[in-house]
Amino acid sequence: MGRYRVRVATGSFAFSGSNNQVRLWLVGLRAEAELGLRLRLSRGQMEDFEVDVSEDLGPLLFVKLRKTHLLLKDAWFCNHITVWVFQESTEEKEIMFPCYRWVQGDGIICLPEATAWMMRNEVQGLFQKHGEEELEERRTLYRWATWKEGLPLSVAAASEKDLPLDVRFHEGKKIDFEGTLAAGMMDIALKRLYTLLNSWKSLEDFDQIFWGSKSALAKRVHQSWKEDDFFGYQFLNGVNPTLLRRSTSLPTRLVIPPELEGLQVQLERKLQEGCLFEADFSLLAGVQANVIQGERQHLAAPLVMLKMEPDGKLLPMAIQLQPPCSGSPDPPLFLPSDPSLTWLLAKAWVRNSDFQLHELQAHLLKTHLVAEVFAVATMRCLPGMHPIFKLLIPHLRYTLEINTRARTKLISDGGIFDQVVNTGGGGHLDVLRRATACLTYRSLCPPYDLADRGLLGIPSALYAHDALRLWDIISRYVQGIVHLYYSEDKVVQSDPELQAWCQEITEIGLCGAQERGFPVSFQSRAELCHFVTMCIFTCTAQHSGINQGQLDWYAWVPNAPCTMRKPPPTTKDVTLEMVMATLPNVHQACLQMTIAWHLGRFQPDMVPLGHHKEEYFAGPGHKAVLNRFQEDLNTLEREIVARNKGLDLPYYYLQPSRIENSITI
Ligand SMILES: CCCCC/C=C\C/C=C\C/C=C\C/C=C\C/C=C\CCC(=O)O
Ligand SMILES: [Fe+2]
């Protein structure tokens, strides 16, 4: 009683095709019919068929798939199925059934049509029931686990091999990831061999390992790392632009000895002028330092006071390496006027502390681990036809696997942190715990975070400028989609899946983060839009801003030493021997360079923000919103490219074409 054209689209990455047979059914409101097609399921191909169906199916609701095999199971990656219904007037109606999943085993997979969510309360509750069954299954596949107490929950997986195939790296990504690590290890072996025959006594000796692929900015770091304005610049636009604050008073931990009365006066003057800034690493105070191959490493918890010059340069005025401790002499203040090696070592200590807070707090916790909570909650609470699922899923690609790898290779017992970082050996977990305990909702939202840190309206604060522009662009995109599906606040309030998702993120995944401003429910469209904007911003722009700089700022190891092998200086008598004995040894420095390159380099299968190919939504409304998003991103791209042309140091981490659509590395 009907004629249909059916298109079956197979994914285009390695092993997407399959030699197995797939049976297809069209499921309508009144009946269902098996199509009896012989599909070829070739990688990257779309196959079209025309079929006549003798029954009256009624409006199409689902396509059902079942893969069968004789001897060998061969998974198939189905992009989507599209059906055109021939109407009497010969006009065709297109109906999309998005899939974008692996079809494995011989179970039945049911794909609801793309606009199903709009009809969830109609068609005899069939979509509703489908969604419930889908979530029941997903909750068994995606379970929460406590990897370590005091950290956000993670996905239950002892290794990446335990993850469902749908969230695993595709073959190309896996080969690239593992291949470049192997190449990096080879690099280390060669560098170690080379340095065996040479001395390791002066800062220039780090040149012996400063070869191989390097960015232009890494070469500039190598040239300029000793300069004070270069040191200050990094707090605004370097790898970690998340710590600096404009001072509102002199920090209580800053003890200025009477002989430095002049400094006190200068600090107070800058404070009054609104030009005084601080970077406080107190979160590291008292953290146990690592022991590497029997040698105790050392940690500091510095405070840096900086002034902003009228030309926008940020210059350090004083460094206190440890907070005062009752019963001990006051910690010395290191100054730009100190002997050059003394001042350099004090700055190196700050850079080492920044390495810790950057990697553990800004990078791992506030992008990777938080995004994992969004990913697990999304899989557990939102059915595939839910608009927020469709909106978010492209921004969650590969995150569960990269994080699982981090838990087994990077921050694990014996992992990279234990091997070469001074917080390793358990201190790194304490830092993560402390950072989790003070993680606020506001700090994940640049308009609030930058206002709280007094960083609005500073022309030389390029991260801040670009982050705000991106926040607005993402916010407009999210609002565009949300408003298509939620006509008023009441629709938000009465969406049980959405409310459960919010609660699961805040109360379960983030372990009771309502105390720190995270919502447990959404009362309005505005609240929902703000939260989803935060999710997408975190998984895309923020991660790119924090991740890419590893390539540039961590390749020249003295600029950001991964460990410190001697205690922080307590006097101003510093020798070159002390500096070299403090900075990482050859092996530690080589491993830092390799991992920083591995994690910071451009990803070969990178999808730029807003340019995913998957089409989960159907209809012109969504296309228009997505087009507008892409246009806004292009405009920002042009602005940043033009701005950077006039800069001595271009800032490109938030250039839209360089921002990945999800956390994949
Ligand atoms: C010594 C430099 C370490 C710098 C990296 C520190 C933190 C990075 C934060 C998040 C990175 C997230 C995931 C990376 C996961 C695994 C890859 C790292 C190393 C793998 C080594 C291996 O497989 O042997
Ligand atoms: Fe990362």
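Just so we're clear, the structure is a prediction, and the values are computed from it rather than from any experiment. Every number for a ligand or one of its atoms is a count from 1 in the order of the listing.
Residue Leu360 does not touch ligand 1, judged by heavy-atom distances below 4.0 Å. Using a 4.0 Å cut-off between heavy atoms, Leu599 contacts ligand 1 through its side chain alone, with no backbone atom that close.
In this structure, Leu364 counts as a contact residue of ligand 1, since one of its heavy atoms falls inside 4.0 Å of the ligand. For Tyr554, the closest heavy-atom approach to ligand 1 does not fall below 4.0 Å.
Distance from atom 23 (O) of ligand 1 to its nearest protein heavy atom, with residue and atom name: Leu181 CD1, 3.2 Å. Protein heavy atom closest to atom 7 (C) of ligand 1, with residue, atom name and distance, is Glu359 OE1, 3.2 Å. Scanning all protein heavy atoms for the shortest distance to atom 12 (C) of ligand 1 gives His368 CE1, 3.4 Å. Distance from atom 24 (O) of ligand 1 to its nearest protein heavy atom, with residue and atom name: Lys409 CD, 3.7 Å. Of all protein heavy atoms, the one closest to atom 11 (C) of ligand 1 is Leu410 CD2, 3.7 Å.
The backbone N or O of Pro316 sits nowhere less than 3.5 Å from a side-chain atom of Asp228 that would complete a donor-acceptor pair. In this structure, Gln288 contributes its side chain and Gly427 its backbone to no donor-acceptor pair below 3.5 Å.
With hydrogens and angles left out, the side-chain atoms of Ser662 and His395 include no donor and acceptor closer than 3.5 Å. Looking only at atom types and distance, the side chain of Thr538 has no donor-acceptor partner in the side chain of Lys366 under 3.5 Å away. Side-chain contact check for Asn237 and Gln234: no donor-acceptor pair (N or O, by modelled atom type) lies under 3.5 Å.
Residues Asp187 and Lys191 are paired through a salt bridge, judged by an N-O separation under 4.0 Å between the basic side chain and the carboxylate. Salt bridge absent: Asp176 and Lys173 never bring a charged side-chain N and a carboxylate O closer than 4.0 Å. Taking the charged nitrogens against the carboxylate oxygens, Asp449 and Arg245 have no contact shorter than 4.0 Å, which rules out a salt bridge.
Proximity to Phe177 (heavy-atom distance under 4.0 Å) selects the following atoms of ligand 1: 17 (C). Listed by number with element, the atoms of ligand 1 under 4.0 angstrom from any heavy atom of Phe417 are 6 (C), 7 (C). Close approach of ligand 1 to Phe355 is summarised as follows: ligand atoms under 4.0 Å from at least one heavy atom of the residue are 2 (C).
Residue His363 holds the heavy atom nearest to atom 9 (C) of ligand 1 of all those in Arg407, His363, Glu160, Met593. Counting only non-hydrogen atoms, the option in Thr404, Val420, Ile546, Ile595 that gets closest to atom 19 (C) of ligand 1 is Ile595.
Between the NZ atom in Lys161 and the OG1 atom in Thr404 there is a gap of 11.5 Å [rounded to 0.5 Å].
Taking 2.8 Å as the limit, the number of protein N, O or S atoms around the Fe ion (ligand 2) is 5.
With respect to Gln297, the side-chain hydrogen bond (donor to acceptor under 3.5 Å, both in side chains) criterion is satisfied by exactly one of Asn422, Thr563, Thr423: Thr563.
Contacts of Ala279 classified as side chain to side chain contact (heavy atoms under 4.5 Å, CB included), with partners at least two apart in sequence or in another chain: Phe235, Leu243, Phe281, Val304.
For Met186, the CE atom sits in a loose shell: 12 or fewer heavy atoms of surrounding residues, nucleotides or ligands are nearer than 6.0 Å.
Ring centroids of His358 and Tyr554 are separated by less than 6.0 Å, placing the two rings close together.
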